[in-house]
Asker: 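Supplied in structure tokens, the structure appears directly below.
Only heavy atoms go into these numbers, but all of them, side chains included; no hydrogens, no water, no symmetry mates. All ligand and atom numbering here is 1-based and tracks the order in the structure. From a predicted model like this one, the values you see are computed outputs, not experimental measurements.
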Amino acid sequence: MTRAFNFSAGPALLPEEVLQQAAAEMLDWRSSGMSVMEMSHRGPQFMSIMQAAQSDLRELLAVPANYRILFMQGGAIAQNAIVPMNLLGRVSQPATIDFIHTGHWSGRSMGDAAKYAKVNIVASSQQNGFTAIPPRSAWQLSPHAAYVHVCTNETVHGVEFHFTPDMGENDDCVPLVADMSSHILSRAIDVSKYGVIFAGAQKNMGIAGLTVVIVREDLIGHALPFCPSAFDWKKVADHDSMFNTPPTFAIYMAGLVFQWLKRQGGVAAIEQRNIEKAALLYDCIDASDFYSNPVAQDCRSRMNVPFFLHDSALNEAFLAGAQERGLLQLRGHRTLGGMRASIYNAMPVEGVQALVDYLREFERRH
Ligand SMILES: *Cc1c(COP(=O)(O)O)cnc(C)c1O
């Protein structure tokens, strides 16, 4: 059996080396006589796995000392509720949350936040079909918002922030909260510009079940009284992400991915490769009249590339041919149709090249 090139948006492909290491360690982790899945989360073996994963992630993203890294569960969708439950206690009620509406996922986040506060859409690209990111200068921020929410890479619409929104420098400026699920670790970021960063692991960090939350210390400890204890960042932080049983195997897998990323040269090196991979694919799409991508050039995602065949009647033939060549899971999100190629960190350039070759061949044949 050979491994195919898997373009799934998530759960997504993992580096082959990581899978091989996990397989080799599956039955007996480093002479412990047991699998990681079978270990006590409080035992010395798992504690060492957890600490290494945390410190590797801190190093990879250059997370400043006044930020905590929390390993939680529930995915990014749970954070859509966990974030307001943790941040609204800092401001007087009724609270307002500012949202930048840039696509499917920021829209989903608004839906949950609206249960806890007034949601104010301060900028939106809905009118142009979510094909651009409204520039910071166009945001009409509320004066006393509890926080500003952005989704810095819209996995469905394929738009990505290529700038860091400036929220000002003083201590009481409005915290910026970012859902980075589908591009965390794909590019260098300045963590200090954000109040909270959250991301599910199953796109660029590992497998489903782990949610990473990076939160500035002063934003911890303001949960609303009804916030469940397992979702209270303070409880989670005070117990070093062991307030409840953490998703041990998902943390172990993320740790292997972090070590792999360090062997690749870290985030700066992978970012360079991601730029090259994305250029290869977008150049191919732009050069043809057969395929198209509607996103503004300067807002295109390096991770998720939606594209459309001008003749959508050929969609099924395109997908069947791709499958035959070992190019998997290219069907677009159900809300958009068309195709989507997710080319996360673990996708080798050979995979993108194989897709580009197939795009050209299919165009020639039709
Ligand atoms: C995948 C994704 C989510 C949803 O993640 P879950 O793990 O299903 O909660 C949320 N936001 C973004 C940007 C995503 O890509």
Asker: If hydrophobic clusters are built by linking Ile, Leu, Val, Met, Phe, Trp and Tyr wherever their side-chain heavy atoms come under 4.5 Å apart, do L57 and V213 end up in the same one?
Answerer: no
Asker: May I have every N or O pair linking ligand 1 to the protein at under 3.5 Å, one per line with atom names and distance?
Answerer:
| from | atom 1 | to | atom 2 | distance (Å) |
| --- | --- | --- | --- | --- |
| ligand 1 | 7 (O) | Q202 | NE2 | 2.8 |
| ligand 1 | 9 (O) | A76 | N | 3.1 |
| ligand 1 | 9 (O) | I77 | N | 2.8 |
| ligand 1 | 11 (N) | D179 | OD2 | 2.7 |
| ligand 1 | 15 (O) | T155 | OG1 | 2.4 |
| ligand 1 | 15 (O) | K203 | NZ | 2.6 |

Asker: Just how far is it from atom OH of Y116 to atom CD1 of I82, taken to the nearest 0.5 Å?
Answerer: 9.0 Å
Asker: R340 and V156: side chain to side chain contact (heavy atoms under 4.5 Å, CB included), yes or no, with the steps?
Answerer: CA-CA 8 Å; R340 172 174 50 171; V156 174; 4.0 Å; yes
Asker: Flag yes if L70 and V212 sit in one hydrophobic cluster, no otherwise; membership is Ile, Leu, Val, Met, Phe, Trp, Tyr, and two members link when side-chain heavy atoms are under 4.5 Å apart.
Answerer: no
Asker: Salt bridge or not for E316 and R331, using N-O below 4.0 Å?
Answerer: yes
Asker: My understanding is that only one of L13, L355, N274 makes a side-chain contact (heavy atoms from CB on, under 4.5 Å) with M347; could you say which?
Answerer: L13
